S.K.: 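Handing you a structure now.
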Protein chains: 2
Amino acid sequence: MAPRSGTRPFSQKTITDVAQRAGVSISTVSRVINQSAPVSSNLENKVKAAIAELDYRPQTAARALAGQKTHTIGLLLAEIGTDFYPLMIRAIEAEARKNHFNLLINVAGDDTSIEGEIPYTLGEYNSDGVLVFPASLSDDELYRMHLNNFPVVLVQRRPPAGLEFPCITIENKLPARKMVDHLIEVHGFRRIAFLSGLADHEDARRREQGYHESLESHGIPYDPTIVAQGYFQKQASQDAVCEWITAGFEFDAIFACDDISAIGALSALNRAGLNVPNDVAVVGFDDIEVSRFLSPPLTTVKVPIQEIGRAAIQQLLAFMNGEVPDMCTHFETELVIRRSCGCR
Amino acid sequence: MAPRSGTRPFSQKTITDVAQRAGVSISTVSRVINQSAPVSSNLENKVKAAIAELDYRPQTAARALAGQKTHTIGLLLAEIGTDFYPLMIRAIEAEARKNHFNLLINVAGDDTSIEGEIPYTLGEYNSDGVLVFPASLSDDELYRMHLNNFPVVLVQRRPPAGLEFPCITIENKLPARKMVDHLIEVHGFRRIAFLSGLADHEDARRREQGYHESLESHGIPYDPTIVAQGYFQKQASQDAVCEWITAGFEFDAIFACDDISAIGALSALNRAGLNVPNDVAVVGFDDIEVSRFLSPPLTTVKVPIQEIGRAAIQQLLAFMNGEVPDMCTHFETELVIRRSCGCR
DNA sequence: AACGCTTTCGAAAGCGCTTTCATAGCATAC
DNA sequence: GTATGCTATGAAAGCGCTTTCGAAAGCGTT
């Protein structure tokens with residue numbers, strides 16, 4: 001009966017089955033599913049009944065091929081293990097599903113791609129648009145997508161020179177500066193260490209600038225011995241701070257360029273028997289979920305993670321619909337003073 | 001030239017373009033791409049050159065439709081915001097991509113599904129198999145998939161009665177019991193509080209059983225006043241412990257059924273000015289990434305999160321290939337003694 | 001009753017691929 | 001030289017949908 005049966009080990013209902021059962025043509029079934037054209041309520045009910053009885057669901061591949069849209073949004077991340085993304089992805093997923101889009105996830109970096117093979121990532125051949133996070137996609141690929149007029153929204157990242165993509169950014173420099181100002185002005189610290197992020201991460205660079213500017217405006221000389229790379233990683237940050245301690249470097253506060261690094265710093269201090277904030281103050285950036293539950297609760301900068309995710313999808317959807325998206329959606333961030341800086 | 005051109009705002013190369021450029025038929029191109037049949041090296045090189053020149057990538061939708069497989073694996077989660085999943089997903093993603101599969105992610109719970117609409121989740125119509133996590137899919141849906149012989153692997157969850165699915169499980173009861181034993185035998189605690197997880201989470205239930213068994217075997221009466229629901233959430237756990245404290249309940253240790261809850265407990269204790277482990281010991285379960293960086297480092301049970309993820313994909317792939325998968329892959333877990341229990 | 005107009009529906013084409021099937025080409029055996 | 005078996009290749013069918021197009025049906029008007 002079914003030609004080529006058995007290619008799939010499991011049976012699949014098709015639109016033809018539904019049409020037969022409802023006594024209509026497949027066009028009509030398609031129309032009630034997609035509400036793409038008026039159907040008399042009589043037939044509509046019959047079709048709906050048939051769909052329910054068969055528990056029919058359209059095959060997305062066939063839909064995508066015929067309709068020339070995949071109903072899928074791609075997510076290009078560099079790293080998912082970090083504690084920053086889960087909340088973001090959750091917001092993105094919710095927003096995508098609300099708009100009836102699927103989410104395809106791709107973590108760059110763990111590169112298993114073999115030379116000569118067709119690259120196996122995300123793009124116009126498997127999604128209608130992608131959200132690109134920092135360090136996940138080369139400028140070359142971005143350029144290619146731009147040429148193809150493929151919808152891309154950059155998150156926490158600005159387009160490379162010459163390309164125009166909508167992007168979602170946050171305020172980094174000013175709050176970083178304010179944070180260091182706070183350390184200096186309110187608490188009187190002068191020896192403020194810094195844990196930097198990744199070199200190709202724009203947010204991290206801007207936060208570092210804020211650190212520099214604050215020091216400078218207070219006449220505090222920049223001391224590279226108490227600046228280290230935290231790489232957005234707990235372990236690396238902990239190691240760096242441990243080294244400072246064993247080397248005997250003096251510092252009365254640490255500004256970590258993200259909360260992950262701050263956690264590493266906290267841990268190093270704790271191991272060394274140093275009290276936070278009495279012996280050394282620690283502050284971070286991002287306000288990830290765990291930060292307010294740390295001991296002591298972390299003073300940090302609140303980044304509206306979920307709003308960013310939601311905005312990213314909304315901009316992408318607008319782009320995909322041919323609307324003109326905001327080329328730059330900028331979110332403000334604000335200091336959250338808790339106890340790790342010495343307040344209270 | 002191209003009929004219906006412009007349905008997509010961006011141009012797409014097709015296999016026909018490649019074939020023309022290489023001067024061969026599309027069958028040959030397909031064979032080169034999929035290595036599904038021998039092609040003379042002469043033509044193979046021409047085709048590969050044409051693919052490279054055009055930067056061609058096959059459309060997944062057409063591939064899926066013609067080949068009757070989507071090359072996509074679905075992930076059905078109840079919650080992605082928890083700190084447990086990122087590492088798991090990362091391992092899953094890496095393993096999936098190594099096998100040339102895409103990952104479609106679906107977070108249940110934030111249910112936007114409208115009555116009467118076709119449910120918009122994962123299944124045989126958009127993936128070749130799914131990984132089902134606890135609390136993400138109803139038994140009814142599982143039953144339906146089983147009927148359709150659709151490949152499913154359950155992670156941290158056993159199949160409902162009557163259904164056979166491969167599943168990945170971990171050892172819960174014994175290590176939980178050992179953990180409480182440790183608290184009692186090594187540290188001499190008798191008043192051990194418990195933060196439970198979600199009722200429909202098997203791991204959580206088994207951990208609770210281990211807690212009960214340990215108490216019982218040491219002749220310690222079960223006291224429900226110092227048992228509360230932590231819901232795998234930091235905030236809920238913190239609230240619960242705060243309540244115990246303000247109510248004046250006595251306890252010298254807290255066994256949290258996962259590390260997230262332990263973090264909430266730690267936070268509550270810290271806020272109340274109580275020292276861990278001197279005033280109250282805290283232990284958890286899972287050994288999530290942050291646990292060793294807490295102050296103090298958390299004594300917990302190490303769950304091989306990444307191995308679980310890898311095994312889940314491997315079992316699913318085996319299942320999808322028609323091989324007989326192990327119906328139950330069981331992972332051992334081990335106590336990780338750090339400082340929050342009072343050791344050292 | 002005949003006409004035009006609108007609305008509803010089905011037939012059929014086609015989306016870009018995989019795969020079957022037939023054939024052309026070639027080497028080997030008689 | 002013909003019969004035989006193999007391999008490499010192309011033509012064409014078809015995967016399950018969406019969408020166009022034309023026909024049929026309904027309806028109001030003359």
Side-chain angles (χ1 to χ4, degrees), chain A residues 1-8 10-20 22-47 51 54 56-72 118 123-126 128, chain B residues 1-8 10-20 22-47 51 54 56-72 118 123-126 128:
Chain A
M1 179 192 158
R4 222 195 297 177
S5 89
T7 47
R8 271 202 169 187
F10 47 93
S11 65
Q12 278 281 71
K13 276 99 186 183
T14 72
I15 199 172
T16 312
D17 300 330
V18 176
Q20 282 181 353
V24 299
S25 73
I26 60 167
S27 322
T28 301
V29 177
S30 176
R31 285 191 266 255
V32 317
I33 289 172
N34 301 304
Q35 302 178 350
S36 51
V39 171
S40 69
S41 61
N42 177 24
L43 289 192
E44 183 175 348
N45 289 335
K46 278 192 196 168
V47 169
I51 288 176
L54 293 174
Y56 165 78
R57 315 210 186 149
Q59 288 217 38
T60 51
R63 232 146 99 92
L65 182 57
Q68 296 291 80
K69 37 184 104 77
T70 62
H71 303 278
T72 295
I118 293 181
E124 46 272 59
Y125 48 92
N126 63 5
D128 296 335
Chain B
M1 179 192 159
R4 221 198 294 178
S5 90
T7 48
R8 273 201 169 188
F10 47 93
S11 67
Q12 279 282 71
K13 275 101 185 181
T14 74
I15 198 172
T16 311
D17 298 330
V18 176
Q20 282 181 353
V24 299
S25 72
I26 61 168
S27 322
T28 301
V29 176
S30 175
R31 285 191 267 255
V32 173
I33 290 173
N34 301 304
Q35 302 178 350
S36 51
V39 171
S40 68
S41 60
N42 176 24
L43 289 192
E44 182 175 347
N45 290 335
K46 277 193 197 167
V47 169
I51 288 176
L54 293 174
Y56 165 77
R57 315 212 183 148
Q59 287 217 35
T60 51
R63 231 146 101 91
L65 182 58
Q68 296 291 83
K69 33 184 108 71
T70 62
H71 302 277
T72 295
I118 292 180
E124 45 271 58
Y125 47 93
N126 63 5
D128 295 336

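These numbers were taken from a predicted model, which means no experiment stands behind them. Below, chains carry the letters A, B, ... as their sequence lines are ordered, and counting in each starts from 1.
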S.K.: Without decimals, in angstroms, what is the distance between B:I15 CD1 and C:dT19 C1'?
M.R.: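 In whole Å, C:dT19 C1' lies 12 Å from B:I15 CD1.
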
S.K.: Within the pair A:Y56 and D:dG16, is there a side-chain N or O less than 4.0 Å away from OP1 or OP2?
M.R.: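 Checking A:Y56 against D:dG16: no side-chain N or O falls below 4.0 Å of OP1 or OP2.
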
S.K.: Quick one: does B:T14's side chain get under 4.5 Å of B:D17's, heavy atoms only?
M.R.: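 Yes, at least one pair of side-chain atoms sits under 4.5 Å.
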
S.K.: Provide, to the nearest angstrom, the distance between the CD atom belonging to B:Q20 and the P atom belonging to C:dG16.
M.R.: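 Rounding to the nearest Å, CD of B:Q20 and P of C:dG16 are 13 Å apart.
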
S.K.: Any idea which heavy atoms bring A:Y56 and A:I33 closest together, and the distance?
M.R.: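 Where A:Y56 meets A:I33 most closely, the heavy atoms are CE2-CD1, 3.6 Å.
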
S.K.: Could you state the CD-P distance from A:Q59 to D:dG16, rounded to the nearest angstrom?
M.R.: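 After rounding, the reported distance stands at 6 Å.
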
S.K.: Specify the separation, in whole Å, of atom CZ of A:R57 and atom P of D:dC17.
M.R.: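 Distance check: A:R57 CZ to D:dC17 P gives 13 Å.
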
S.K.: Would you check, one step at a time, whether the test side chain to side chain contact (heavy atoms under 4.5 Å, CB included) holds for B:V24 with B:V47?
M.R.: CA-CA 8 Å; B:V24 299; B:V47 169; 3.9 Å; yes

S.K.: A:N34: which residues meet the side-chain contact (heavy atoms from CB on, under 4.5 Å) condition with it, sequence neighbours left out?
M.R.: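 Partners of A:N34 under the side-chain contact (heavy atoms from CB on, under 4.5 Å) test: A:S30, A:S36, A:R63.
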
S.K.: What is the distance from NZ of B:K69 to P of C:dC17, rounded to the nearest Å?
M.R.: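 Going from B:K69 (NZ) to C:dC17 (P), I get 16 Å.
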
S.K.: Starting at atom CG of B:N34, determine the distance to atom P of C:dG16, rounded to an integer number of angstrom.
M.R.: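 Interatomic distance, CG of B:N34 to P of C:dG16: 17 Å.
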
S.K.: Quick one, A:T72 and A:D128 - any side-chain contact, counting heavy atoms below 4.5 Å?
M.R.: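 No - every pair of side-chain heavy atoms lies 4.5 Å or more apart.
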
S.K.: Can you pull every protein N or O that's under 3.5 Å from an N or O on nucleotides 4-10 of chain C?
M.R.:
{"residue": "C:dC9", "atom": "OP1", "partner": "A:S40", "partner atom": "OG", "Å": "2.5"}
{"residue": "C:dC9", "atom": "OP2", "partner": "A:S40", "partner atom": "N", "Å": "2.6"}
{"residue": "C:dG10", "atom": "OP2", "partner": "A:S25", "partner atom": "N", "Å": "3.1"}
{"residue": "C:dG10", "atom": "OP2", "partner": "A:S25", "partner atom": "OG", "Å": "3.0"}
{"residue": "C:dG10", "atom": "OP2", "partner": "A:T28", "partner atom": "OG1", "Å": "2.4"}
{"residue": "C:dG10", "atom": "N7", "partner": "A:R31", "partner atom": "NH2", "Å": "2.7"}
{"residue": "C:dG10", "atom": "O6", "partner": "A:R31", "partner atom": "NH1", "Å": "3.3"}
{"residue": "C:dG10", "atom": "O6", "partner": "A:R31", "partner atom": "NH2", "Å": "3.3"}

S.K.: In whole Å, what is the span from the CZ atom of A:R63 to the C1' atom of C:dG16?
M.R.: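 Distance, rounded to whole Å: 18 Å.
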
S.K.: So, for A:A22 and A:K46, which heavy atoms are closest and what is the spacing to 0.1 Å?
M.R.: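 What the structure gives for the nearest pair is O-CD, 3.7 Å.
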
S.K.: Figure out the CG/P separation between B:N42 and D:dA8, and round it to whole Å.
M.R.: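 Rounded to whole Å, this separation is 13 Å.
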
S.K.: For the helix from C:dA1-D:dT30 to C:dC30-D:dG1, how many degrees between its two end axes (five pairs per end), to the nearest 10°?
M.R.: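 Computed angle between terminal axes is 60°.
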
S.K.: Which heavy atom of A:V39 sits nearest a heavy atom of A:T28, and at what distance?
M.R.: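 Closest approach of A:V39 to A:T28: CG1-CG2, 4.0 Å.
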
S.K.: Looking across every strand, which nucleic acid part, if any, lies under 4.0 Å from A:T14 by heavy atom: base, sugar-phosphate, or nothing?
M.R.: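 Sugar-phosphate contact only - A:T14 comes under 4.0 Å of backbone atoms but never of a base.
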
S.K.: Mind listing the closest non-hydrogen atom pair of B:L65 and A:A61 along with its distance?
M.R.: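 So the minimum-distance heavy-atom pair works out to N-CB, 3.9 Å.
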
S.K.: Quick one: which of C:dC17, D:dC17, C:dG16 gets closest to the side chain of B:L65?
M.R.: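 Taking heavy atoms from C-beta onward, the closest nucleotide is C:dG16.
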
S.K.: Measure the CD-OG1 distance between A:E124 and A:T70 for me, rounded to the nearest 0.5 Å.
M.R.: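 If I round to the nearest 0.5 Å, the distance is 11.0 Å.
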
